[in-house]
2 protein chains.
Amino acid sequence: MDAETKARNETRARIIKAMAHPTRVFIVDELSRRERCVCELAVMVGADNSTVSKHISILRNAGIVLQEKRGNQIFCSLRCPCVLNFFSCVESVLSASGAASSAGVQG
Amino acid sequence: MDAETKARNETRARIIKAMAHPTRVFIVDELSRRERCVCELAVMVGADNSTVSKHISILRNAGIVLQEKRGNQIFCSLRCPCVLNFFSCVESVLSASGAASSAGVQG
DNA sequence: ACAGTTGTTGGCAATTTTGCCAAAATGCCA
DNA sequence: TGGCATTTTGGCAAAATTGCCAACAACTGT
């Protein structure tokens, strides 16, 4: 594996990894419906504000999420909605595995 | 976030996480071209056989990769080629970030 | 039977990730 | 100006991930 291929795969993994956490999956899913500020997401997730802020910074550094300051709050939105395709692929994987029903994904 | 949503996001994250490592990205990319046995992939990756075997087992448990035993070897192939869409989305993200050139993804 | 190849598993140390608290920065309103 | 809400950052301990070696299992060919 040459250096260029190595760099490409590390870049790919870095961005995919940004999507590889339940809380961040939730945030992306929620932002696909409407923009939200950090504190709203924190309440929905049920975690500390700082925890959610760090999750969002991971998504922002990956280039997946945008943040826009309006007054006291910072509203988050999806920069690249194509990441939502991850979820439909996940459902394909689960269907092929015959394990979808146990995770409530098909309902 | 209700229990069903929580379970769904954990399932999604588990499968996306299987794709969130440079070595596993390489394996999936390589299997999109042709099937390979573990030892071939280990040579290409430049890692121990056992290390690659564990990476493949993560992909297999996620439902992304299939393994078929033929003689002495076990050949791996993609069970769900839709995971390749992850890569094109990654390139969209990089294009939007204007950082694609620094990672050699566009070349 | 025996040696060699291939693949998996267990164990372990090093690294990374995660989530909370505390503290600081910014902006709103009175 | 002072109090309050929102967000980020640093620090830290707990948890998860990673990669190697050693051991074991399965198959091939002699």
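A note on names: the letters A, B, ... follow the listed sequences, proteins ahead of strands, and every chain is numbered from 1.
The separation between A/E10 atom CD and D/dT18 atom P is 13 Å, rounded to whole Å. The interatomic distance linking A/K54 (NZ) with D/dT8 (P) rounds to 12 Å, in whole Å. Taking atom CZ of A/R14 as the reference point, atom P of D/dT18 lies 17 Å away to the nearest angstrom. Computed from coordinates, the B/H21 NE2 to D/dT17 P distance equals 11 Å when rounded to whole Å. The NZ-P distance, from B/K17 to D/dA15, rounds to 15 Å in whole Å. Atoms CZ (A/R36) and P (D/dT6) sit 14 Å apart, rounded to a whole Å. Note: CG (B/N72) to P (D/dT28) measures 6 Å, nearest angstrom.
Side chain of A/S53 to main chain of A/N49: no donor-acceptor pair is present (N/O by atom type, distance under 3.5 Å, no hydrogens or angles). The closest donor-acceptor contact from the side chain of B/T51 to the backbone of B/A47 lies at 3.5 Å or more, if one exists at all. Looking at A/R24, its side chain does come within 3.5 Å of a backbone N or O of A/A18 through a donor-acceptor pair. Counting only distance, with no hydrogens or angles, the side chain of A/S95 and the backbone of A/E91 share a donor-acceptor pair below 3.5 Å. A/N61 places a side-chain N or O within 3.5 Å of a backbone atom of A/S57 that can act as its donor or acceptor partner.
Contacts of A/E40 with the nucleic acid, taken as non-hydrogen atoms under 4.0 Å apart, are absent. Using a 4.0 Å heavy-atom criterion, one finds that A/K69 contacts the sugar-phosphate atoms exclusively. Looking at heavy-atom distances under 4.0 Å, A/R24 makes contact with sugar-phosphate atoms alone, never a base.
Residues from residues 44-53 of chain A with heavy atoms under 4.0 angstrom of DNA chain C, sorted by number: A/A47, A/D48, A/S50, A/T51.
Classified by interplanar angle (parallel below 30°, tilted 30° to 60°, perpendicular above 60°), the ring pair B/H55/B/H21 is tilted.
By the 4.0 Å N-to-carboxylate-O rule, A/E10 lies too far from A/R14 to be salt-bridged with it. Ion pairing between a basic and an acidic side chain is recognised when a charged N comes within 4.0 Å of a carboxylate O; B/D29 and A/R8 show no such pairing.
Between chain B and DNA chain C, the heavy-atom contact criterion of under 4.0 Å yields a 5' to 3' nucleotide range of C/dT5 to C/dG11.
The side chain of A/Q67 contributes an N or O atom lying less than 4.0 Å from OP1 or OP2 of D/dT8. Between B/H55 and the phosphate of D/dG19, there is a side-chain N or O to OP1/OP2 separation shorter than 4.0 Å.
Within the structure, salt bridge (charged side-chain N to carboxylate O under 4.0 Å, His left out) contacts touching residues 39-49 of chain B (residues at least two apart or in different chains) are B/R36-B/E40.
Closest-nucleotide positions on DNA chain C for A/G71 and A/T23 were compared, and the one nearer the 5' end corresponds to A/T23.
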